[in-house]
Amino acid sequence: MPKITFIEHSGAEHVVDADVGLSVMEAAVRNSVPGIDADCGGACACATCHVYVDAAWIEKTGKPEAMEESMLDFAHEPKENSRLSCQINMTADLDGLIVRLPEFQG
Amino acid sequence: MTERVVIIGAGQAGAQAAASLRVEKFDGAITMIGAETEPPYQRPPLSKAYLQGALEKSRLYLKPVEFYEKHSIDLRLGVRASAIDRAAKTVTLEGGEALSYDKLLIATGAPPRKLKAPGAELAGIHYLRSIADSDALGPVLKSGERIVIVGAGYIGLEVAAVARKAGLPVTVLEAMERPLQRVAGPEVSAFYADLHRSAGVDLRIGAMVAGFEGEGRVRAAVLKDGETIPCGAVLVGVGAAPETGLAEAAGLKVENGVWVDDHARTEDPAIWAAGDVTNHPSALYGRRMRLESVPNAIEQGKAAAVNMAGGDMVYDTVPWFWSDQYDVKLQTAGISEGADARVVRGAPGERKLAVWYLKEGRLLAVDTMNDPPSFLIGKKLIAAKSTPDPKILADSAADLKSLLS
Ligand SMILES: Cc1cc2nc3c(=O)[nH]c(=O)nc-3n(C[C@H](O)[C@H](O)[C@H](O)COP(=O)(O)OP(=O)(O)OC[C@H]3O[C@@H](n4cnc5c(N)ncnc54)[C@H](O)[C@@H]3O)c2cc1C
Ligand code: FES
């Protein structure tokens, strides 16, 4: 099963298994990774599943769509590599993905 | 002795409270009683992606099933609580078993209001609250036969959108003058009326249902003006009523929901309540309200848990909600009731619009269609009780961020 490493703002790391087909957000929630609230359950409506994608993975995770991009603009400290983790779907290609969490959501 | 928490209702609020109790390091016993056989799950996709067949059932679950065991949460599914004895501090389950509690949370939600009309008991007349309801409605979408939807609220309109996408002829019957009348302003109603009509929905306003016809199974809806609309199935979405029976029988104050304070506590210091079932104060709006939304269930469930664990957390957030219909995402923040002015941002006819609701200059609420910036900024402005310049709100070219400083 592909793995994802979540790195909290404090530096604490969580390596979790992620089923292909699930979103990165769902992998975090299923494994109780703190710092991903995901209030809307993946509807791209809340912007509380914000992550920073590690530079090495940006190409493989792809670009946000327009709706996601305009939500990210108003997340806490958006950066070039910001994504809403509910909008990244796990594929075998993403095995080893590294994402970092913002200090807080919203 | 270990402290015992009992949670009645294994839905969005109950599950949040159980998880938050453990986050708060509550190390007593937690028992959660759920009338449904499914572990706690999210309901929004039941009228959207799940109904469409685009989401597997396991992706509805709020936590994997192992979560509850791992965190010593005793999840009792498929069983109803039938009584609360406040003097003995017990909850009785149907079947007779009694569970003792030190602290109790009522999170029983708000099931759909039933339609009272001749023929309303016929097979083929659906309501939508649970996975089982959505599973029953799914096959209807493959029938090719007309579906009549009673009520142009969020659930009715979402199902209309899914049914149109599945190629079904759809008639929506709304008794009031416009869709979403109870929750949104006329501009929003017009936007959705237009959206659905251009997708081919036969949307009738001021349409009163007199009853239904059919032999065992519904074959037609009959209107008060005598018109008969042949159909293969009916979905009723005419609102929800809080499940307050247990609280009321136990002598707790109930008035459009279980009466709680800003700490989600009832008048009984050992009993809390959270989610759709509560009537709670809002300092932001200076009045009481009952909300039916996921964010309300999450935040109030969290507050109840923190306070049950001995903390001190006030529940007073900006209410918000979303709805997906066709390619339009609605996001709404705040409560527009009592507004004395509305400001529209975006051109009518465009599939992007924001409607701002103000009272004496103060921003009460905003409804946004495909306009996340207005939603996210609106939410912050509402929380800050701001009086934003209506000219900037109305001007699509103006930068809303300037309002935040
Ligand atoms: C089809 C649909 C679409 C929705 N879409 C959205 C949306 O897009 N956005 C949004 O924010 N909100 C949406 N909502 C609303 C949202 O799902 C609810 O506000 C939320 O689920 C409320 O959580 P709750 O815990 O209060 O109640 P629920 O999640 O309903 O949980 C209550 C549970 O308690 C159980 N119960 C009741 N009585 C007893 C008893 N005596 N003993 C044991 N168990 C009992 C019930 O069976 C139920 O499982 C939608 C709701 C529906 C039905
Ligand atoms: S979970 Fe809400 S936007 Fe991703």
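Lettering of chains follows the sequences in order, A, B, ..., and the numbering in each one begins at 1.
- Between A/C46 and B/W320 the shortest side-chain heavy-atom distance falls below 4.5 Å.
- The part of B/I377 that comes within reach of chain A is its side chain, from C-beta onward, which places non-hydrogen atoms under 4.5 angstrom from that chain.
- When heavy atoms are compared at a cutoff of 4.5 Å, B/E299 approaches chain A solely by way of its side chain, counted from C-beta outward.
- Counting only heavy atoms from C-beta outward, the side chains of A/R30 and B/R59 approach each other to under 4.5 Å.
- Of all heavy-atom pairs spanning A/A45 and B/F375, the tightest one is O-CE2, 3.6 Å.
- B/K401 places no side-chain N or O within 3.5 Å of a backbone atom of A/F74 that could act as its donor or acceptor partner.
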(request) Might you work through the side chain to side chain contact (heavy atoms under 4.5 Å, CB included) test for B/Q331 and A/C40, ending with a clear yes or no? (result) CA-CA 11 Å; B/Q331 290 162 297; A/C40 76; over 6 Å; no
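- Note on A/D37, A/L22, A/N31: by heavy-atom pairs under 4.5 Å with chain B, the leading option is A/L22.
- Scanning all heavy atoms of the two residues, the minimum distance from B/I298 to A/D39 falls at CD1-O, 3.6 Å.
- By number of non-hydrogen pairs under 4.5 angstrom with chain B, the leading residue of A/P34, A/C44, A/A47 is A/C44.
- Looking at B/P295, neither its backbone nor its side chain comes within 4.5 Å of chain A, counting heavy atoms on both sides.
- Between B/F67 and A/S32, the shortest heavy-atom contact is CE1-OG, 3.6 Å.
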